[in-house]
Amino acid sequence: MAENLSKTYDPKEFETRIYEEWEKGGAFAPSEDHSRKPFTIVMPPPNITGKLHMGHALDQTLQDFLIRFRRMQGYNALWIPGTDHASIATEVKVADKIRAEEKKTKEEIGREEFLKRVWEWKEEYGGTIKQQVRKLGSSCDWSRERFTMDEGCSRAVVKTFVNLYKKGLIYRGNRLINWCPKCGTSLSDAEVEHQDKNAKYYYVRYRGADGGEGLVVATSRPETMFGDCAVAVSPQDERYKDLIGKKVIVPIVEREVPVIADPYPDPEKGTGAVKITPAHDPNDFEVGERHDLPKWSCLNDDATMNKLAGKYEGMDRYACRKQLVKDLEEAGWLIKVEDKVIPIGECYRCGTVVEPMLSDQWFVKMKTLAEPAIEAAKKGDLIHVPERFEKIYLHWLEDIRDWCISRQLWWGHRIPAYYCDDCGEIIVETQAPDKCPKCGSTHIHQDEDVLDTWFSSALWPFSTLGWPDETEDLKYFYPTDVLVTGYDIIFFWVVRMVFSGLEAMGEVPFRYVYVHGLVRDAQGRKMSKSLGNGIDPLQIISDYGADALRFMLINGITPGNDMRFVVEKLDSSRNFANKLWNASRFVIMNLTGEDGEFLPMAGTPQGIAALPLKDEDRWILSTVNSSAAEITANMEKFELSLAAQKVYDLIWNNYCDWYIEFVKSRLYGDDEEDKKVARKVLVKVLKDLLKLLHPVMPFITEEIWSCLPREAGEITEENPQGWLIRQSWPVSDESLAFPQEEELISLAMEAVRTVRNIRAEAGAVPSRKVRAVVAASGKTAEYLKRAERHIMTQANVSEIRYIEDRSEVTEEVLSGVITGAEILIAMDDLMDYRAEEERLSKEKKKLEGEVERVGKKLDNENFVKKAPEKVIQAEREKLEKYQDMLSKVTERLNIVEKKLQK
RNA sequence: GGGCGUUUAGCUCAGCUGGGAGAGCGUCUGCCUUACAAGCAGGAUGUCAUAGGUUCGAUCCCUAUAACGCCCACCA
């Protein structure tokens, strides 16, 4: 790594280099030593659909923070990286690309060729993503990298499917599913987004078959009338009592359907009579099941009307609706139309309105699988951070319905089900069968469909560790420790991993779920491609460095809450990095002895404590020592933001602003022995601070660390290069607790601040030394005397006189009160009256000019008449302000002049 | 229809199971003091959304209310 630090902080100079060295040196891989406790995270695999966005950057940073912290704490840390094939999303993207570039559909290209193209896409985008993850500094073990469609994960998928099928938990059925007409595939319930939309209720009369009035039904989808097979009413509904059992005629369709009594219709809603279309509505489907009604589907897969629709055949569902309503109206069957807000289901990928359709699909039976997952959360085997997400998790599992897992797509895991062409037998096996076990036929074909992409993601925590094989990794690293993810995929992913893990492994896949929010733009809007408000993490890294980005993403966030991406926060993070950089340069500059060699360090806490330490040494050692304990506790409780904030404070406010300043006079002094002590403390503390900061800012800390002298214990067999990434985490040590010195230096700091304050408020000449009088007694006096050196140097005081009684001072003074004491400074000392007179005169002149200028403006009739009220008001306020300032300056100038005359 | 979150300094947000109201940015004043002007020193700014309640004491707990946002929900 670097030999010494360049003059200015330039992350470009070292971030890439350091990452390469880490990776080459095996810094991310866990040890083979399985006697140590493991700490495992599996990375939520980014989709290979495109590049990483800011949300990924947050996700990665949080995980890397945790894994680095635990690694340093001594856990055998493993973070498994990988990518997701993202079945439907990728298929759509690649199909779009082919359509745009070659003007061909995927059908025209053919399944085999299409899949070849997708694999090429995967190589390209998967590669980009991996590079981005590296740029962010993620310390994941690339030797264990996985892909949801690699050989192992595919075996896991097949194995799981077969297992669940044999247990009767996966079945094939002709049921109502969500159908996306554009993507041409079924969707799970989770993949449908409900949106409230303005729509209409159409009230349509179904006349009696006996020539009677019949009844009126309300529907928002009249085009489904072609699938109507009954009209249901509540048995309690007096209005329709006489119609039950009779027939009514569906207009236009001119089909006789029975009026049936069923508990489903709510007499309060609509007309109380519901047209029943089992093939296009989930509720109707159930009614149909209860009454053994036929299930007539009137839609094609592309949402056009089928032959059941008669003359409307071939029309799009909405065109048909429009025409049908018109026809109904003309025929007199349309009673009224009502505006209504109705929740509409849309495809989460393409936004097309989803159609409930009757279809042969594969389903996972959820009830039995959900139960242990519910239990796990209730027992505390699974803990959500923050807690409130447990409620969401439970609620979803508690009224879960069966999961439709087959997709009419090509890119994905093909369903391991085989059909005998001769006898129709269904064979579900891990290996394709040679012949039908029932009839012996060799005419067998595999199911054309693939699985829901989330079926394979659900296995991620154990498929990545080698399952279904009983690998060493699986035994040692499962269950994993924490899953970090955004709240937007709890249902898609977290829930399914939990029940899958419990089913396959008998244990929850992770102990903690750390849920983070979304990264929004500066206005609080979701970052999206359509808005074009996305921010590329790589661009930010190139402008500010990965460390600054990471710190910015961690700082000021709360688990589960969204954050805004504000560029100013990056400046602040970068400035912090620069601050640390320069402080380190200062330390390193002062490290070497006359011969240019590093001075021997003191090593252990006991070694440091045994040195002839000064008060300020003890203060900083003690402060860092106790803060380390707090910071550790914060991190263990996932309070990462608080932890980062505390390290920031420690570095900037304690170490840089105070300790380094305290110690300068010693470093520049003649006492060689004491100089060494100061150096040792400087380095010891800097090292601890670098360790504490490393999880959030890994690059800069490693770079600085590499420039500091190595000591015993820092180079080990596991860490031959002595890298920071593998150093041990600071543990608070009793030998470094110095409460008395903490109190003493705090008091000194108060005194310094007070004197500075007085000086600044009095407008004293900065370079001018002042004499101070300290009125204090007892311990306070004693401490302040002990800290006299600091007060003098830090506050530019030339002399301190101690008194017990404040009334001893009779001259004109300014004073400030600190804990247990008062500090007084003579007015005469504060001011160079000549200089002050000059300054005030200048100031006065300037102000007079301003007053005159604004005054003139306001005296101008045209201005007052024509300018907007706001501007006039602002000018008036300005005038007032300047006049006020002028009178103060004048007053002060008078005093100064009087002093000069004396 | 059900549930949840947010509301704290001009802006972005912290506030770790009730006891001093904070940070960064911005702003104002003074400083190029040999680590750092991406800096140093100092200052100003808040009825912690509103109304009640519990408590010796509430930004924090309870109950309402409002605004904004989010999630879930089988579209008669």
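Per chain, numbering begins at 1; letters A, B, ... match sequence-line order. Please read these numbers as outputs of a predicted model, since none were measured by experiment. The analysis underlying the following values was restricted to heavy atoms, covering all of them including side chains, and did not include hydrogens, waters or symmetry mates.
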Of all the nucleotides listed ([options]), which has the minimum atom distance to the side chain of [X]?
X	options	result
R756(A)	A41(B), A35(B), A14(B)	A41(B)
W396(A)	G15(B), C72(B), A35(B)	C72(B)
L642(A)	G15(B), G43(B), C75(B)	G15(B)
S220(A)	C75(B), U6(B), A35(B)	C75(B)

TODO: Find the distance K646(A):NZ to G24(B):P and express it as a whole number of Å.
DONE: 16 Å

Open item on the list: Using whole Å, what does the distance between atom C1' of nucleotide G24(B) and atom CG of N575(A) come to?
Closed with: 10 Å

Task: Dot-bracket summary - RNA chain B, pairs being Watson-Crick or G-U whose distances fall under 3.5 Å, with | when paired to another strand - done: (((((((..((((.....[..)))).(((((.......))))).....(((((..]....))))))))))))....

Restricting both atoms to N or O, compile the protein contacts to nucleotides 69-71 of chain B shorter than 3.5 Å, with distance only.
none

For [X], enumerate each residue passing the salt bridge (charged side-chain N to carboxylate O under 4.0 Å, His left out) test, keeping only those at least two apart in sequence or located in another chain.
X	result
R205(A)	none
R317(A)	E355(A)
D228(A)	K275(A)

- [ ] Quick one: list whatever passes side chain to side chain contact (heavy atoms under 4.5 Å, CB included) with L531(A), sequence neighbours left out.
- [x] R525(A), S528(A), N533(A)

Open item on the list: Applying side chain to side chain contact (heavy atoms under 4.5 Å, CB included), can you list everything that pairs with R564(A), at least two apart in sequence or on another chain?
Closed with: V566(A)

Task: Short side-chain N/O contact from H194(A) to OP1 or OP2 of C74(B), under 4.0 Å - done: yes

Open item on the list: Quick check on contacts: within residues 565-574 of chain A, what sits under 4.0 Å from RNA chain B by heavy-atom distance?
Closed with: V566(A), E568(A), K569(A), S572(A), R574(A)

Open item on the list: With heavy-atom distances below 4.5 Å as the criterion, would you say the side chains of L693(A) and L580(A) are in contact?
Closed with: yes

Open item on the list: Does any part of the side chain of V494(A), heavy atoms only, come nearer than 4.5 Å to the side chain of I489(A), both counted from C-beta?
Closed with: no

[atom1] spacing across the pair [N] / [M], given as an integer number of angstrom:
N	M	atom1	answer
C68(B)	U29(B)	C1'	39 Å
C36(B)	A41(B)	P	14 Å
C11(B)	C75(B)	P	42 Å
U59(B)	G15(B)	C1'	9 Å
A44(B)	A21(B)	P	15 Å
C4(B)	C13(B)	P	23 Å

Open item on the list: Just checking Y348(A) against F492(A), ring centres under 6.0 Å apart?
Closed with: yes

TODO: Apply ring pair (Phe, Tyr, Trp, His ring centres under 6.0 Å) to W581(A) and list each qualifying residue two or more places apart in sequence or on a separate chain.
DONE: Y9(A), F14(A)

Task: Selection residues 637-658 of chain A - residue pairs positive for salt bridge (Lys or Arg N to Asp or Glu O under 4.0 Å), sequence neighbours left out - done: E630(A)-K646(A)

Task: Pair listing, salt bridge (Lys or Arg N to Asp or Glu O under 4.0 Å) test, anchored in residues 388-398 of chain A, at least two apart - done: K378(A)-E398(A)

Task: Pairing residues for Q361(A) by the side chain to side chain donor-acceptor pair (under 3.5 Å) criterion, not counting sequence neighbours - done: S186(A), S359(A), S406(A), Q408(A)

